[in-house]
Amino acid sequence: MRSKIVAGNWKMNKTLKETEALLAELSAKRPDTEAEIIVAPTFVNLATAVSNLASSVIQVAAQNMHFAENGAFTGEIAADMLLDIGIDTVILGHSERRSLFGETDDFLAKKVDTAMAKNMRIIFCFGEELQERQAGRHFAVVEGQLKNALFHLDANAWQKIVLAYEPVWAIGTGETATPEQAQEMHAFIRKTIDEKYGASVAQNVTVLYGGSVKPSNAEEIFSKPDVDGGLIGGASLKADDFIEIIKAI
Ligand code: PEP
């Protein structure tokens, strides 16, 4: 089901105390909205976040997980560990996982399969790098990322997928895609999905934009017809900024 979502990816930020303080502030200031609000703190603080938000509509997601059931994967986290503490949404394919930790489309496809087998919801991130856009290859890159990691799924599985188009050149750089660039790519993403799965899947998938969304630009980006919300990095670390972005939707 297509829905409006504002999700905050906290990355490797916030100690336990800071996490609790930010969650309390978000809960207190949260505006009434039909949009889903999701936060993704670091692994060690997930259980606390779930418990502190037990009576809140704010949901908690993980930033990553491994594809294996369990075993000798030092430092990794399995799906069952997340499910066990009440987390059924996971961000996969973030550009930092791809560029800094070498995660490829094929590797991500395995994680996608595990998440599906465990009936988890995925926020799947993808997007082109600056030189790919400059070379006019951005549509081909995005198409390839979708096809390689997700197009082996059957149509039903798409109910559990949220897409997050995040041009790498806009992540954490302060440089944002223009609302027109975001809309153009989101429309292309839906067209690509339509060609493979048909209009119903394409129209029902939620497609978020990520890349330096802030209070000053959120409303214009979210006003575009194929943009269903945002995945927010830096601006999700300050309650007032994140709240302003939620209000913009
Ligand atoms: C992100 O990391 O997913 C992101 C969009 O970061 P920022 O908002 O800081 O660009």
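Ligands are counted one by one from 1 in listed order, and the atoms in each one are counted from 1 as well.
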Checklist entry - Hey, mind stepping through Glu128 and Trp169 against side-chain hydrogen bond (donor to acceptor under 3.5 Å, both in side chains) and telling me if it holds? => result CA-CA 8 Å; Glu128 81 284 358; Trp169 47 272; 2.9 Å; yes
Item to check | Steps toward side-chain hydrogen bond (donor to acceptor under 3.5 Å, both in side chains) verdict (His152, Asp113) | outcome: CA-CA 9 Å; His152 61 288; Asp113 288 343; 2.7 Å; yes
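Geometrically, ligand 1 and Gly211 share no nitrogen or oxygen pair separated by less than 3.5 Å. Considering backbone and side-chain atoms together, Thr173 places no N or O closer than 3.5 Å to any N or O of ligand 1. Geometrically, ligand 1 and Gly234 share a nitrogen or oxygen pair separated by less than 3.5 Å.
Here Arg98 does not pair with Glu129 in a salt bridge; the nearest charged N to carboxylate O distance is not below 4.0 Å.
The distance from ligand 1 to the heavy atoms of His94 drops below 4.0 Å at these ligand atoms: 1 (C), 2 (O), 3 (O). Taking every heavy atom of Ser212 and a limit of under 4.0 angstrom, the matching atoms of ligand 1 come to 7 (P), 8 (O), 10 (O). Residue-ligand proximity, Ile171 to ligand 1, at heavy-atom distances under 4.0 Å covers atoms 1 (C), 2 (O), 4 (C), 6 (O), 10 (O). Set against the non-hydrogen atoms of Gly172, the atoms of ligand 1 under 4.0 Å away are 7 (P), 9 (O), 10 (O).
For Tyr209 against Ala170, the heavy-atom pair with the smallest separation is OH-CB, 3.6 Å. Of all heavy-atom pairs spanning Ser95 and Val168, the tightest one is CB-CG2, 3.8 Å.
At least one heavy atom of Lys11 sits less than 4.0 Å from an atom of ligand 1. Residue Ala235 places no heavy atom under 4.0 Å from ligand 1. Under the 4.0 angstrom criterion for non-hydrogen atoms, Ala170 is in contact with ligand 1.
Under the 4.5 Å side-chain criterion, counting only non-hydrogen atoms from C-beta, Asn70 is not in contact with Asp80.
Counting only N and O atoms by type, the side chains of Asp226 and Gln183 include a donor and acceptor under 3.5 Å apart.
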